[in-house]
Structure formats: structure tokens, C-alpha cells
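Within every chain, numbering begins at 1; the chains are lettered A, B, ... in the order of the sequence lines, protein sequences first and strands thereafter. For the numbers below, each heavy atom of this structure counts, side chains included, while hydrogens, waters and symmetry mates do not.
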Protein chains: 2
Amino acid sequence: MVLATNRRIGQENSTTRGLLMDGVERVMIDEGYASLTARRVAGSVGLRHQIVYYYFLTMEDLIVASFRRRAAQVIMRVEEAIAQPEPLKALWAVHAEPAHAALTVEYLALANHNEAIRRETVNFGERMRRVGLDCVAARLGVPVDGSGVISASALTLALSSLGAILGMEAAIGINGGHHELHALVVWCVDRLQGQSG
Amino acid sequence: MVLATNRRIGQENSTTRGLLMDGVERVMIDEGYASLTARRVAGSVGLRHQIVYYYFLTMEDLIVASFRRRAAQVIMRVEEAIAQPEPLKALWAVHAEPAHAALTVEYLALANHNEAIRRETVNFGERMRRVGLDCVAARLGVPVDGSGVISASALTLALSSLGAILGMEAAIGINGGHHELHALVVWCVDRLQGQSG
DNA sequence: GTCTATACACCGATAGAC
DNA sequence: GTCTATCGGTGTATAGAC
């Protein structure tokens with residue numbers, strides 16, 4: 001894909017540019033990453049496909065920009081969540097939302113085959129883990145360095161992973177065992193820190 | 001998509017039919033489900049794209065057939081795994097393989113937008129859980145009906161979910177916290193049933 | 001800033017030759 | 001059983017009008 005680019009490119013703070021990123025998420029949730037075409041994305045916000053190439057060099061650039069915008073939003077939501085009275089449960093809840101989980105699956109699949117998205121995902125994962133880690137360590141009085149068996153990083157990873165899987169399954173209509181697992185996790189979390197988890 | 005079908009269809013036990021399903025998995029792992037086209041799949045096993053329409057009515061039929069074949073293989077591998085000395089760890093290990101996890105992510109994303117694959121996935125999930133459940137309940141002496149906090153279904157779901165997430169992350173190169181979480185899970189499993197988990 | 005027009009490649013699916 | 005030939009539709013990307 002060689003680009004012969006002396007094309008004009010629109011402003012970063014443009015409304016339409018943001019609309020196109022909204023379109024990426026809409027299409028991804030409704031139809032999956034395979035349907036992320038300039039025609040579908042632009043069409044979903046009432047525009048023609050050529051507008052994509054006014055704001056972005058390639059479709060991939062639009063997708064990467066959308067991923068970054070969402071990553072920043074998720075980090076913010078997690079930071080808000082863990083500032084609440086029961087941060088561990090909030091950490092779980094953020095990941096467990098089905099619509100959020102469905103998008104996560106799409107980007108995860110994309111990351112397996114697209115180098116740019118893979119790099120962004122690894123980077124995002126590291127930032128997320130750090131945010132969760134500080135919270136868990138501070139609230140639980142558990143070693144951050146992994147010297148004990150119950151480490152902050154193991155707990156953070158376990159909580160967000162289980163939340164995410166339950167969200168992914170719920171999104172496609174699998175519910176078996178979810179209630180029981182949720183009860184078990186709440187039980188563990190409460191046991192680990194009284195009422196503040 | 002209206003099919004005007006008085007087409008000939010090849011035998012179910014044909015070698016080529018199996019080759020095409022191998023091609024589906026190859027392409028899915030290497031390029032993702034978005035690249036599951038008749039040309040790419042047939043090409044990956046050295047054939048022309050029209051052969052797909054000799055063995056299957058539509059591309060979707062080929063993908064569903066591939067999913068079913070794999071589902072049956074996975075169920076078999078899980079049954080073998082839980083017959084081993086440490087079934088809980090084996091249950092984890094089956095899900096944690098990165099190549100396996102990558103395919104799982106693809107099919108999961110596909111399930112979000114394709115009704116046939118969604119149905120197959122729900123069905124497969126139920127069968128998997130049942131297989132795991134019997135094993136866990138028998139080995140742990142833990143209630144199957146969810147009457148206790150530590151129920152067999154919660155444990156089964158937790159083990160396979162955590163294994164799967166670690167596999168998915170490993171596939172794209174995220175490893176932070178994996179060692180610690182693995183140690184925590186092994187510790188819990190050992191605690192739950194001495195040396196036989 | 002958004003459009004029409006256009007290029008060329010690839011898509012699923014069918015018909016029919018061998 | 002696998003192929004060549006072909007259909008209409010959609011894909012990315014560019015050029016240039018308004």
C-alpha cells in the first residue's frame with residue numbers, strides 16, 4: 001500500500017474527525033471489525049467515504065486514533081472507579097459491562113493481526129495494570145512486588161480478567177455460572193479487606 | 001443473500017472438505033476472521049476459490065463447519081486433560097495455550113455479530129462447562145448446585161476464564177502479572193485439594 | 001470541508017467445460 | 001472433483017470540482 005500523499009489533511013480538533021471515530025465504535029459494536037470500511041464508517045454518521053481520507057491518511061490511521069481515544073477514556077473511568085468506597089468491585093464492574101467487553105474482544109482480535117493495534121494494546125494494558133495496581137496495593141496492604149502469594153498484581157489481573165470474561169460471555173448470551181462466580185469473587189474481596197473492597 | 005441452488009455438493013467425508021476447514025483455521029490465526037474469504041481459504045491449501053462452493057452452500061457454512069469440528073476437538077482434549085492426576089491445572093492449561101486462545105478470540109468476536117456462530121458458541125460453552133463441572137465436583141467434594149460460596153461452577157468458570165485471558169494476552173505479548181497470577185491460582189488449587197488438583 | 005467521478009483489486013456466487 | 005469464465009457489488013485510495 002504505497003501512498004502518493006500530497007493530500008490535504010483536516011484539523012485534529014475537528015468535529016467531523018470525532019464523528020468518524022464515533023462511527024468506528026458504532027460499526028465495530030454492531031457489525032465487527034471486519035466491517036470497518038471507509039464507506040460503512042462514514043455512512044454511519046451520514047457522510048461519504050471519501051471524507052475519511054481528508055482526515056486520515058489511511059483507514060488504519062482512523063482505527064488507531066479511535067483506539068487511543070477509547071484507551072484514554074477507559075483509563076479515566078478506571079481512575080474514577082477506584083476512587084470509590086469499594087474500588088475492587090468497581091474495577092471489576094468497569095470491565096464487566098457487555099458493550100465495553102464486546103469492543104474489547106474486537107480490538108483484541110484486531111491486535112492479533114495488526115501490528116499498530118497490537119503495540120497500542122500492549123501499551124494500554126501496561127498503563128491499566130499500573131493504575132489498578134497502585135489502588136489494590138494501597139487499599140489491601142498486600143505486597144506490590146509479588147513477594148507474597150497474594151500479590152497486588154495477581155489480584156488486579158484476576159479481577160479485571162474475570163470481569164472482562166463475564167462481560168464477553170454476557171454479550172453473546174452465555175450466563176451459566178456467572179452468578180456463582182460473582183458471589184465467589186465478592187466473598188473473596190470482602191474477606192480480603194472487610195467492607196472497603 | 002438469495003441462493004439459487006441447484007448446485008452439486010461434495011461428500012461430507014471428503015479429504016478436500018477437511019483441507020478447507022484446515023484452511024479456515026490457518027487464515028483465522030494468521031490474518032483474522034476478516035480475511036476468511038473463499039479465495040484466501042482455498043488458496044491457503046493450494047486450490048481455487050470456486051471449490052468452496054462445491055463443498056459448501058456459502059462461506060458461512062464453511063466457517064460454521066470449521067467451528068463445530070474444532071469444538072468437538074476441544075471437548076475431547078478437555079476430557080483427556082481432566083482424566084489426569086491434576087485435572088484443575090490441566091483444565092487451566094488447555095485454555096491458556098496462546099494459539100488456542102487466539103482462535104478463541106476470533107470466534108468470540110465473530111459470535112458477537114454472526115447469529116450462527118453465536119448459537120454454536122453458546123452451545124459449545126454449555127457443553128464445556130458441563131464437562132468441567134463434573135470433574136471439579138467429583139474431585140473437590142464441593143457442591144455442584146451452588147449452595148455454598150465455593151461452588152463447582154464458580155471454580156470451573158474461574159479457572160477456564162483466567163487461563164483463557166492469560167493465553168489471549170500472551171498471544172499479543174502482554175505478560176505483566178501473569179507469573180504472579182499463575183502462582184496464586186496454583187496456590188488456591190493446591191489448598192483446595194491437597195496434591196490432586 | 002464535503003462532494004462527484006474514477007482507478008483498479010477483491011469479494012461471493014453461479015454456469016458450465018473438462 | 002476441480003477448473004475457467006463471468007456477474008454485480010464493494011473495497012482503498014486519489015484527483016479535482018464546488
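- In this entry the distance linking CD1 of A:I9 with P of C:dG1 reads 12 Å, nearest Å.
- In this model, no side-chain donor or acceptor of A:R40 finds a partner on the base of D:dT10 within 3.5 Å.
- Between C:dG1 and A:T16, no contact under 4.0 Å exists linking OP1 or OP2 to a side-chain N or O.
- Comparing A:I51 and B:R8 along DNA chain C, the residue whose closest nucleotide (by nearest heavy atom) sits nearer the 5' end is A:I51.
- Contact between the side-chain N/O atoms of A:R39 and the OP1/OP2 oxygens of D:dG11 is found at a separation under 4.0 Å.
- Among the heavy atoms of the strands lying under 4.0 Å from B:L36 are primed sugar atoms or P, OP1, OP2 only; no base atom is included.
- In this structure, B:Y107 has its ring center no closer than 6.0 Å to that of B:Y33.
- None of B:L47, B:V24, B:I63 except one satisfies the side-chain contact (heavy atoms from CB on, under 4.5 Å) rule with B:V41; the exception is B:V24.
- In this structure, OG in B:S151 is found 9.0 Å from CG in B:L157, a value given to the nearest 0.5 Å.
- As rounded to whole Å, 16 Å separates atom C1' of C:dC11 from atom CD of B:E60.
- Note on A:Y54: a side-chain N or O is less than 4.0 Å away from OP1 or OP2 of C:dG1.
- Around atom CD of B:E12, no more than 12 heavy atoms belonging to other residues, nucleotides or ligands sit under 6.0 Å away.
- A:F56 places its CZ atom 14 Å from the P atom of D:dT12, with the value rounded to the nearest Å.
- When the P atom of D:dC3 is taken as reference, atom CZ of B:R48 falls 6 Å away, rounded to whole Å.
- Annotation: A:R48, atom CZ; neighbour count of heavy atoms from other residues, nucleotides and ligands within 6.0 Å does not exceed 12.
- Take the nearest nucleotide of DNA chain C for A:H49 and for A:Y55: the residue whose nucleotide is more 5' is A:Y55.
- Protein atom CZ of A:R17 is 13 Å distant from nucleotide atom P of C:dT2, rounded to whole Å.
- Following rounding to the nearest Å, B:M59 (CE) and D:dT10 (P) show an atom-to-atom distance of 18 Å.
- Rounded to a whole Å, the CD atom of B:Q50 is 16 Å from the P atom of C:dC18.
- Regarding B:E12, its CD atom lies at a distance of 13 Å from the P atom of D:dG1, rounded to whole Å.
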